[in-house]
Student: 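Quick one: the structure is below, and I'll ask about it shortly.
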Amino acid sequence: MSTQPDSVLDQYLERYPQTRYLDAYIPDLSCIIRGKRYPIEEAGKLFHDGMMLPGSTFLLTVNGDSKDPENLGYSDGDPDEIAIPIVETLAPCAWTDLPTAQMMLTLTGLDGTPYYYEPRNVLRRILDQFDSLGLCPVVAFEPEFYLLEPDMDDETGPVPAHLPSTGKQPTATQVYSIDEVEEFSRYFDQVVSVCKDQGIRISAISKEYSPGQFELNLHHVDDALLAADQYVMLRRTIQGVARIHNMRATFMAKPFPEHSGSGLHVHISLLDKSGKNVFSGDGQYGEMDSLSDLMRYSLGGVRKTMAESMGVFAPNVNAYRRFRPDSYAPIRDDWGFENRFVAFRIPKSNPEARRIEHRIAGADANPYLLIATILAGIHYGIQQKIDPGPPTIGDTVASQSRTIPTEIDQAMSLSRKSQFLADYLGEQYIRVYTTCKLEEYNTFKAREIQEFKWYV
């Protein structure tokens, strides 16, 4: 299934001769890792023949249930597809009890056609449209997450991880506190080291706004598929290494009603074939002429399509707890220069780094679908030459009248009816996706279960 399958695995085993197993996996619709573990002696066949895996694995709820969305699953006999290696992701799995390798997979049919319902392939279809324009997206993720105690009380729910130096629970905000980062320095050092072995560059570690909340910034890359792959690997690393340190890491969007939610900010720009950033204008930062026409159209596109895209940006009932006034989670489709309260921020930068910071999605969003939808909005704005209007300055609540959906059923209904999403992500894909998420929501309501028991 690859050009030199034996050499890829052999080279890996020469470097890591103690390897006992290989975890071959896919990140599902909710970024839950699913796949199979192979004794290393059996792993070679993965590179030759791939692994059979039901396509419906990408259509499960957050709890792993199949609801037969649009008659896919039970009704069609739950057919297998071929899961083939993404060989660039072969790397150590440093948090396992036994020496184990890990490798991501992607699904195809027998004829090699990418599996339609895999989020990674949805993104691939969007990127083909940018290839036609001669443009290359540059992407960087900034995920927020909480470090928690490993066990949860049924009454109180999750609790921030205790400070290693004192054993006490953190209670203060302490945003940007270096001391709080230092408290967990051994944990973060191992995360950085494990990521380096996977070819992932972490550019900064920050203490975020609430007790136990942190942010890791990934270095920008000019390959959107790679950026999403690396984010999946980062998530798995953050959670796996946390277990070694007797903690639990969660990307739940709003684990604490009284504290800040966790976002997944995306920095994005476009390069032409010569490597020039086409978002940059000739003017001084903060002025409209510092933005190129392509960047203004891109802003117009993501603004115009924001409301109907919320089903992707906020994929479950908990995700909508983030969106409230007087928080850093945007509640309106506004944009601005160096303004952290808008949905689309233009960070202060040199012209070469001119970019959009997309601040809407929660940390529980699927990264492939998130980038695909952002890029679809950008492409739509460029094609339609949509003006974004003036930038928002100061109080965004007072200066804007348009709002976003605040409930999941409303958001999914808008996404399901969206001609924009149907045109870009695929009409059948949007039907199946929204069916999956609404069935998950309906099951959640029927069971009357606490959100943290589903999503932490």
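In this text, all values refer to a predicted model and were calculated from it rather than measured experimentally.
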Student: Check step by step if side chain to side chain contact (heavy atoms under 4.5 Å, CB included) holds for M310 and L414.
Tutor: CA-CA 8 Å; M310 287 300 296; L414 284 175; over 6 Å; no
Student: For R447, check salt bridge (charged side-chain N to carboxylate O under 4.0 Å, His left out) against everything at least two apart and list the hits.
Tutor: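 Result, salt bridge (charged side-chain N to carboxylate O under 4.0 Å, His left out) vs R447: D65.
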Student: With a 3.5 Å distance limit and no angle check, can you tell me whether E308 reaches the backbone of S418 through a side-chain donor-acceptor pair?
Tutor: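 Checked: no pair found.
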Student: Return a table of donor-acceptor pairs under 3.5 angstrom between the side chains of residues 83-92 and protein atoms on other chains or two or more places apart.
Tutor:
from: T89; atom 1: OG1; to: I86; atom 2: O; distance (Å): 2.7
from: T89; atom 1: OG1; to: M104; atom 2: N; distance (Å): 2.8

Student: Excluding sequence neighbours, so at least two apart, what forms side-chain hydrogen bond (donor to acceptor under 3.5 Å, both in side chains) with D28?
Tutor: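 Testing D28 for side-chain hydrogen bond (donor to acceptor under 3.5 Å, both in side chains), a comparison that skips the adjacent residues, returns R34.
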Student: Can you list everything that forms a side-chain hydrogen bond (donor to acceptor under 3.5 Å, both in side chains) with S415? Sequence neighbours excluded, please.
Tutor: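 Partners of S415 under the side-chain hydrogen bond (donor to acceptor under 3.5 Å, both in side chains) test: none.
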Student: Determine whether a donor-acceptor pair (N or O, by modelled atom type, separation under 3.5 Å) exists between the side chain of Q213 and the backbone of G261.
Tutor: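 Looks like yes, one N/O pair under 3.5 Å.
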Student: Between the main-chain N or O of Q410 and the side-chain N or O of S413, is there a donor-acceptor pair closer than 3.5 Å?
Tutor: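 No; judged by distance alone, with no hydrogens or angles, the pair does not exist.
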Student: Counting C-beta onward and ignoring hydrogens, is there a side-chain heavy-atom pair between L299 and I346 closer than 4.5 Å?
Tutor: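 Side-chain contact under 4.5 Å: yes.
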Student: Between the side chain of D68 and the main-chain N/O of S75, is any donor-acceptor distance below 3.5 Å?
Tutor: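 Present.
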Student: Taking all heavy atoms of R345 and all of R359, pick out the closest pair and write down the distance.
Tutor: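 Scanning both residues completely, I find the closest heavy atoms to be CB-CD, 3.8 Å.
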Student: For E208, does its backbone N or O pair with a side-chain atom of S206 as donor and acceptor, under 3.5 Å?
Tutor: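 Between the backbone of E208 and the side chain of S206 there is no qualifying donor-acceptor contact (under 3.5 Å).
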Student: Table please: side-chain donor-acceptor pairs of residues 376-387 below 3.5 Å, with sequence neighbours left out.
Tutor:
from: H379; atom 1: ND1; to: Y424; atom 2: OH; distance (Å): 2.8
from: D387; atom 1: OD1; to: G389; atom 2: N; distance (Å): 2.7

Student: Determine whether V122 and Y433 make a side-chain contact, defined as any pair of heavy atoms from C-beta on separated by less than 4.5 Å.
Tutor: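 The answer is no; the side chains never approach within 4.5 Å.
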Student: Could you go step by step and tell me if D128 and R125 meet the salt bridge (charged side-chain N to carboxylate O under 4.0 Å, His left out) rule?
Tutor: CA-CA 5 Å; D128 287 343; R125 295 195 291 268; over 6 Å; no
Student: Considering non-hydrogen atoms only, spot the tightest contact between L127 and A224 and give its length.
Tutor: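 It is CD2-CB, 3.8 Å.
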Student: Return yes if some donor-acceptor pair links the side-chain N/O of S203 with the main-chain N/O of N217 below 3.5 Å, else return no.
Tutor: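 Yes; at least one donor-acceptor contact below 3.5 Å.
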Student: Begin from the C-alpha positions of M412 and Y441 and carry the test side chain to side chain contact (heavy atoms under 4.5 Å, CB included) through to its verdict.
Tutor: CA-CA 11 Å; M412 290 298 169; Y441 173 57; over 6 Å; no
Student: Can you sort out the partners of E215 under salt bridge (charged side-chain N to carboxylate O under 4.0 Å, His left out), two or more places apart, ordered by chain and number?
Tutor: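 Salt bridge (charged side-chain N to carboxylate O under 4.0 Å, His left out) check on E215 returns nothing, list empty.
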Student: By the definition side-chain hydrogen bond (donor to acceptor under 3.5 Å, both in side chains), identify the one residue from R416, E440, K67 that meets it with T435.
Tutor: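 Among R416, E440, K67, the one that satisfies the side-chain hydrogen bond (donor to acceptor under 3.5 Å, both in side chains) with T435 is R416.
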Student: If the condition is salt bridge (charged side-chain N to carboxylate O under 4.0 Å, His left out), which residues does R37 pass it with, not counting sequence neighbours?
Tutor: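 Here the qualifying residues are D23.
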Student: Is R235 close to P143 at the side-chain level, that is, under 4.5 Å between some pair of heavy atoms?
Tutor: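 Counting from C-beta outward, P143 and R235 never come under 4.5 Å.
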Student: Can you list the residues that meet the salt bridge (charged side-chain N to carboxylate O under 4.0 Å, His left out) rule with K453, with sequence neighbours excluded?
Tutor: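 Result, salt bridge (charged side-chain N to carboxylate O under 4.0 Å, His left out) vs K453: D154.
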Student: Determine whether L72 and S56 make a side-chain contact, defined as any pair of heavy atoms from C-beta on separated by less than 4.5 Å.
Tutor: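 Counting from C-beta outward, L72 and S56 never come under 4.5 Å.
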Student: Could you check if a side-chain atom of F58 sits within less than 4.5 angstrom of a side-chain atom of L107, using non-hydrogen atoms only?
Tutor: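 Side-chain contact under 4.5 Å: yes.
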Student: Is the side chain of Y320 donor-acceptor paired with the backbone N or O of A314 at a distance under 3.5 Å, no angle test?
Tutor: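 Yes; at least one donor-acceptor contact below 3.5 Å.
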Student: In terms of the angle between their ring planes, are Y12 and Y16 parallel, tilted or perpendicular, with boundaries placed at 30° and 60°?
Tutor: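 Ring orientation of Y12 relative to Y16: tilted.
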Student: For R354 and F279, indicate whether the former's side chain and the latter's backbone hold a donor-acceptor pair under 3.5 Å.
Tutor: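 No, R354 side chain to F279 backbone: no donor-acceptor pair under 3.5 Å.
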Student: Please list all pairs meeting side chain to side chain donor-acceptor pair (under 3.5 Å) that have one or both residues in residues 220-231, counting only residues at least two apart or in different chains.
Tutor: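 Residue pairs with at least one partner in residues 220-231: R120-D229, D229-Y368.
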Student: Any heavy-atom pair between the side chains of Y429 and P119 that's under 4.5 Å?
Tutor: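 The answer is yes; the side chains approach within 4.5 Å.
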Student: So N316 and V62, side chain to side chain contact (heavy atoms under 4.5 Å, CB included) or not? Walk me through it.
Tutor: CA-CA 9 Å; N316 59 62; V62 71; over 6 Å; no
Student: Looking at residues at least two apart in the chain, or sitting in another chain, which of them share a side-chain hydrogen bond (donor to acceptor under 3.5 Å, both in side chains) with Q102?
Tutor: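 In terms of side-chain hydrogen bond (donor to acceptor under 3.5 Å, both in side chains), with neighbours along the sequence ignored, Q102 is linked to Q198, R236.
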Student: Strictly distance-based, threshold 3.5 Å: is any side-chain N or O of D334 a donor or acceptor partner for the main-chain N or O of V342?
Tutor: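 Checked: no pair found.
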Student: Between V191 and T237, which heavy-atom pair has the shortest distance, and what is it?
Tutor: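 Looks like O-CG2, 4.1 Å.
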Student: What are the two closest heavy atoms between S260 and Y209, and how far apart are they?
Tutor: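 Residues S260 and Y209, closest heavy atoms: OG-CD2, 3.3 Å.
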Student: Start with the C-alpha distance between S309 and L421, add both sets of side-chain angles, then the distance that settles side chain to side chain contact (heavy atoms under 4.5 Å, CB included), and finish with yes or no.
Tutor: CA-CA 7 Å; S309 301; L421 291 177; 4.1 Å; yes
Student: Please name all residues satisfying side-chain hydrogen bond (donor to acceptor under 3.5 Å, both in side chains) with R431, sequence neighbours left out, ordered by chain then number.
Tutor: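 Not a single residue meets the side-chain hydrogen bond (donor to acceptor under 3.5 Å, both in side chains) criterion with R431.
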Student: State, yes or no, whether a side-chain contact exists between I238 and F251 at a heavy-atom distance under 4.5 Å.
Tutor: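 SC-SC contact between I238 and F251 confirmed.
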Student: Looking only at heavy atoms, which two atoms of A343 and D333 are closest? And how far apart?
Tutor: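 In terms of heavy atoms, the two residues are closest at CB-CA, 4.5 Å.
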Student: If only side-chain N and O atoms count, and only distance matters, is there a donor-acceptor pair under 3.5 Å linking T61 with N63?
Tutor: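 Side-chain D/A pair, N63 to T61: absent.
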Student: Hydrogens and angles aside, do N318 and D364 bring a side-chain donor and acceptor to less than 3.5 Å of each other?
Tutor: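 Distance-only check fails for N318 and D364.
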Student: Could you name each residue pair satisfying ring pair (Phe, Tyr, Trp, His ring centres under 6.0 Å) that touches residues 299-318, not counting sequence neighbours?
Tutor: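 Residue pairs passing ring pair (Phe, Tyr, Trp, His ring centres under 6.0 Å), neighbours aside: F313-H358.
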Student: Are the side chains of C31 and P367 in touch, meaning some heavy atoms are under 4.5 Å apart?
Tutor: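 Yes - at least one pair of side-chain heavy atoms lies under 4.5 Å apart.
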Student: Provide the closest heavy-atom pair for T392 versus N339 in the form atom of the first, atom of the second, distance.
Tutor: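 Looking at all heavy atoms of both residues, the shortest contact is O-ND2, 3.7 Å.
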